[in-house]
Amino acid sequence: MAYWLMKSEPDTFSIDDLAKRPRKTTAWDGVRNYQARNYMRQMKRGDEVLFYHSSCDNVGVAGIAQVVREAYPDATQFDPDDSHFDPKSDPEDPRWDVVDIKFVKKLPEVISLEALKANAKLGDFALTRRGNRLSVLPVTAPQWRAILKMA
DNA sequence: GCCAACGTTGGC
DNA sequence: GCCAACGTTGGC
């Protein structure tokens with residue numbers, strides 16, 4: 001079992017949107033960064049995910065989700081009408097993948113980025129490293145436990 | 001809206 | 001392989 005953090009802009013897709021989906025599940029499409037993709041390829045069914053709200057008034061961890069389907073090709077890369085269309089991706093060897101994640105719970109309050117930065121127990125946390133821009137990040141087991149305690 | 005920090009692209 | 005230009009991310 002591994003732990004991850006996935007970012008989403010709540011104006012586009014929030015933890016509430018995830019809870020409202022059919023079967024409370026969504027394909028995490030649109031990732032177009034190789035490192036983030038590689039992390040998604042490492043994800044296993046049952047892995048747990050911190051659902052993070054970025055670029056909004058209340059930046060931070062908003063809920064918990066779970067991986068319910070492991071990596072498979074992202075359909076949006078082959079759709080010319082989709083903003084994530086990638087003309088260079090070969091259908092025989094797709095460049096971009098998605099995983100399916102399912103809603104587990106919404107936190108009563110967002111754990112703010114400020115509070116995460118202030119928590120020394122998190123140590124070297126990928127999210128708070130300077131210059132971090134990855135939309136999919138690994139979380140260690142001790143970090144996961146420390147963050148849940150903050151909820 | 002600003003800007004720092006990246007990743008990607010393409011000419012050479 | 002280098003690197004400048006460009007586009008994007010994301011906090012503030």
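This is a predicted model, so every value here is computed, not measured. Keep in mind that the numbers below use all heavy atoms, side chains included, and drop hydrogens, waters and symmetry copies. Within every chain, numbering begins at 1; the chains are lettered A, B, ... in the order of the sequence lines, protein sequences first and strands thereafter.
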Novice: Report yes if a side-chain nitrogen or oxygen of A:K117 is closer than 4.0 Å to either non-bridging phosphate oxygen (OP1 or OP2) of C:dG11; otherwise report no.
Specialist: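 Looking at the OP1 and OP2 atoms of C:dG11, neither is under 4.0 Å from any side-chain N or O of A:K117.
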Novice: Please assess A:Q77 against A:R95 for the test side-chain contact (heavy atoms from CB on, under 4.5 Å), listing each intermediate value before the final yes or no.
Specialist: CA-CA 8 Å; A:Q77 70 195 306; A:R95 187 180 283 193; 4.0 Å; yes
Novice: Given B:dT8, C:dG11, C:dT9, identify the nucleotide with an atom nearest to the side chain of A:R133.
Specialist: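 The answer is C:dT9, which lies nearest to the side chain.
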Novice: Roughly, in whole Å, what's the span from NE2 in A:H84 to P in B:dT8?
Specialist: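 Value for this atom pair: 16 Å.
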Novice: C:dG10, B:dA5, C:dC12: which one has an atom nearest the side-chain heavy atoms of A:K7?
Specialist: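 For the A:K7 side chain, the nearest candidate turns out to be C:dG10.
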Novice: Can you measure A:Y34 atom OH to C:dT8 atom P for me and round it to whole angstrom units?
Specialist: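 Rounded to the whole Å, the gap is 16 Å.
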Novice: Step through it carefully: locate the ring centre of A:W96, locate the ring centre of A:Y34, and say whether they are under 6.0 Å apart.
Specialist: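 They qualify: ring centres under 6.0 Å apart.
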Novice: Could you state the OH-P distance from A:Y39 to B:dG7, rounded to the nearest angstrom?
Specialist: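 These atoms are roughly 11 Å apart.
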Novice: For the pair made of CZ in A:R32 and C1' in B:dC6, what is the distance, rounded to whole Å?
Specialist: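 Distance, rounded to whole Å: 19 Å.
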Novice: Can you give each donor-acceptor pair under 3.5 Å made by side-chain atoms of residues 101-117 of chain A, sequence neighbours left out, with the distance rounded to 0.1 Å?
Specialist:
unit_1: A:K106; atom_1: NZ; unit_2: A:D16; atom_2: OD1; d: 3.0
unit_1: A:K106; atom_1: NZ; unit_2: A:D16; atom_2: OD2; d: 3.2
unit_1: A:S112; atom_1: OG; unit_2: A:A115; atom_2: N; d: 3.0

Novice: Nearest whole Å is fine: how far is B:dG7 C1' from A:N33 CG?
Specialist: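 Atom-to-atom, A:N33 to B:dG7, this comes out as 7 Å.
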Novice: What integer distance in Å separates A:L134:CG from C:dG11:P?
Specialist: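 So the CG-P distance, A:L134 to C:dG11, works out to 13 Å.
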Novice: Rounded to whole Å, how long is the line connecting atom CG of A:L127 with atom C1' of C:dG11?
Specialist: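 So the two atoms are 11 Å apart, to the nearest Å.
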Novice: Apply side-chain contact (heavy atoms from CB on, under 4.5 Å) to the pair A:F51 and A:K7, showing each step before the final yes or no.
Specialist: CA-CA 6 Å; A:F51 194 107; A:K7 296 179 185 172; over 6 Å; no
Novice: Counting the atoms with a prime plus P, OP1 and OP2 as sugar-phosphate, which does A:S55 contact under 4.0 Å by heavy atoms, base, sugar-phosphate, or nothing?
Specialist: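 Result for A:S55 = base.
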Novice: Whole angstroms only, please: what is the CH2-P distance between A:W96 and B:dT8?
Specialist: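 Checked: the CH2 to P distance equals 7 Å.
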Novice: Do any side-chain nitrogens or oxygens of A:Y52 fall under 4.0 Å of OP1 or OP2 in C:dG11?
Specialist: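 Answer is yes, contact under 4.0 Å.
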